[in-house]
Amino acid sequence: MTKRFNDRTQSIATISGNAWLVQDRATAMVEAGEDILFLSIGDPDFETPAAITEAACRALRSGRTHYAPVPGESDLRDAIAHQAQTQSGTQTGRENVTIFTGAQPALFAIMQILAQQGDEILVPEPYYATYPVVALASGAHFKPVACLPEDGFLLQLSALKAAVTPNTRVLLLNSPGNPTGAAFKRKELQAIIEFCQSKDIWVVSDEVYASLCYDEPHISAWEFATHTSNTLENDRLIVVNSLSKSHAMTGWRIGWTLAPVDVAEKLLTLCEGSQFGCPQFVQDAAVVAIAENHPELLIMKQEYRARRDFVVNALNNIPNIKCTTPVGGMFVMADIRQLTSDCAGFAMALLEQQKVATIPGSSFGATAKGHLRITLAQSQVVLSEALSRIAVFSQHFNK
Ligand SMILES: Cc1ncc(COP(=O)(O)O)c(C=O)c1O
């Protein structure tokens, strides 16, 4: 007898399509003993700051290995609320904060409670490659809104207005963005949020790269919340964040949402039935991460910035490759449209011939076609060698 599975999960199983072909091939090549330079991964190459790791070890030794409260430990929620209020000026309490095992499950849970069949979730494109699954798993329609390279890959209010229909339920923002590194300025973000609020559209703002803004301070959507922590609010605004990128803690799996209280209550029900709380010792370490200063973080950010400048400069010195400077995040987009529109073919050939793994822009939506995403999570030595190989390859590709 044929096995039966849930129709919705079946239908999203093939969504990522060919997005990871180059990455999968690179992994197979490594397993076959080849030496590959990976410019594809967004996993910080820095260690978690020592004081945070120490705090986790202390917590483990003192027996913090039991179930934790489902919405999160109170001291961690307080630390996050305090930080959010200090940075945004918006009154925030622990009742606005829900702890998740990373931003990813937080995004998943949010879409489950906000959207359903018949609704549209608008996502500026290029988008982070997991967004289609996150949106479609709710049953809603995933609707990309093109953000052109000529506009710095940033969502334009006019494009948003043109895309909105009576079925639009959620706008999922990501600033600074993966893969583009584009980030909103205050006026533009405010206009987009105000427009959405006037149309009863939820704004979900994924801010996992907030701490990696290199030229200007990060503008959080939370600034534009009008609610106070102890009222049932009218705002349709949720912020998602985590320690993955900001503190080089991808493997710790710790993130959170800032949301109106009624949303937090609904998230709690989902969390009860899914993650059932996050590890106590990880939450203890997260309090230290948030409440204390860690000199390593400044060093890390300065290094990312130096790498960004190095990569942008090197790419712009390669004939027929262009690159604009991302204002934040962990990636640079190399514009190879003068060489080819087939960035997936280019990336695969680059891997086969020069042993350099990148992610083709087409993995992040049609507007990123003709681009390669290059990570900043590699040392300047690796970046330098890889960029030399890209230069050689693109000259050959030209002929
Ligand atoms: C834009 C964006 N959102 C969310 C995530 C997932 O973050 P986390 O590790 O907190 O689940 C990533 C990871 O790369 C990301 O790039």
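This one's a predicted model, so the numbers in the text were calculated from it and none came from an experiment. In listed order, ligands and their atoms are each counted from 1. Side chains are part of it too, since the values below use all heavy atoms of this structure and drop only hydrogens, waters and symmetry mates.
Atoms of ligand 1 lying under 4.0 Å from any heavy atom of S244, numbered from 1 in the order shown and given with element: 8 (P), 9 (O), 10 (O). Each of the atoms 1 (C), 14 (O), 15 (C), 16 (O) of ligand 1 lies under 4.0 Å from some heavy atom of Y209. Contact atoms of ligand 1 toward G102: 10 (O), 11 (O) (distance under 4.0 Å to a heavy atom of the residue). In the vicinity of N174, heavy-atom distances shorter than 4.0 Å reach the ligand 1 atoms 1 (C).
Checking each of I318, V312, N313 against L315 for a side-chain contact (heavy atoms from CB on, under 4.5 Å) leaves exactly one that passes, namely I318.
In this structure a side-chain-to-backbone donor-acceptor pair under 3.5 Å is present from N96 to G93. Side-chain N or O atoms of T90 include one that pairs as donor or acceptor with a backbone N or O of W222 at under 3.5 Å. For Q378 (side chain) and F38 (main-chain N/O), a donor-acceptor pair under 3.5 Å exists by modelled atom type.
Counting protein heavy atoms only, atom 5 (C) of ligand 1 is closest to Y128 CE2, 3.5 Å. Closest protein heavy atom to atom 7 (O) of ligand 1: A103 CB, 3.8 Å. If you check which protein heavy atom lies closest to atom 3 (N) of ligand 1, you get D206 OD2, 2.6 Å.
The aromatic rings of Y128 and Y131 sit perpendicular to each other, their planes meeting at more than 60°, with 30° as the lower class boundary.
Ion pairing of R58 with E54 is absent here, as no side-chain N (NZ or NE/NH1/NH2) approaches a carboxylate O to less than 4.0 Å.
The heavy-atom pair separating L372 from L350 by the smallest distance is CD1-CD2, 4.3 Å.
Among Q104, K245, M330, R253, the residue whose heavy atom sits closest to atom 14 (O) of ligand 1 is K245.
Looking at S242 against ligand 1, only its side chain comes within 4.0 Å, counting heavy atoms.
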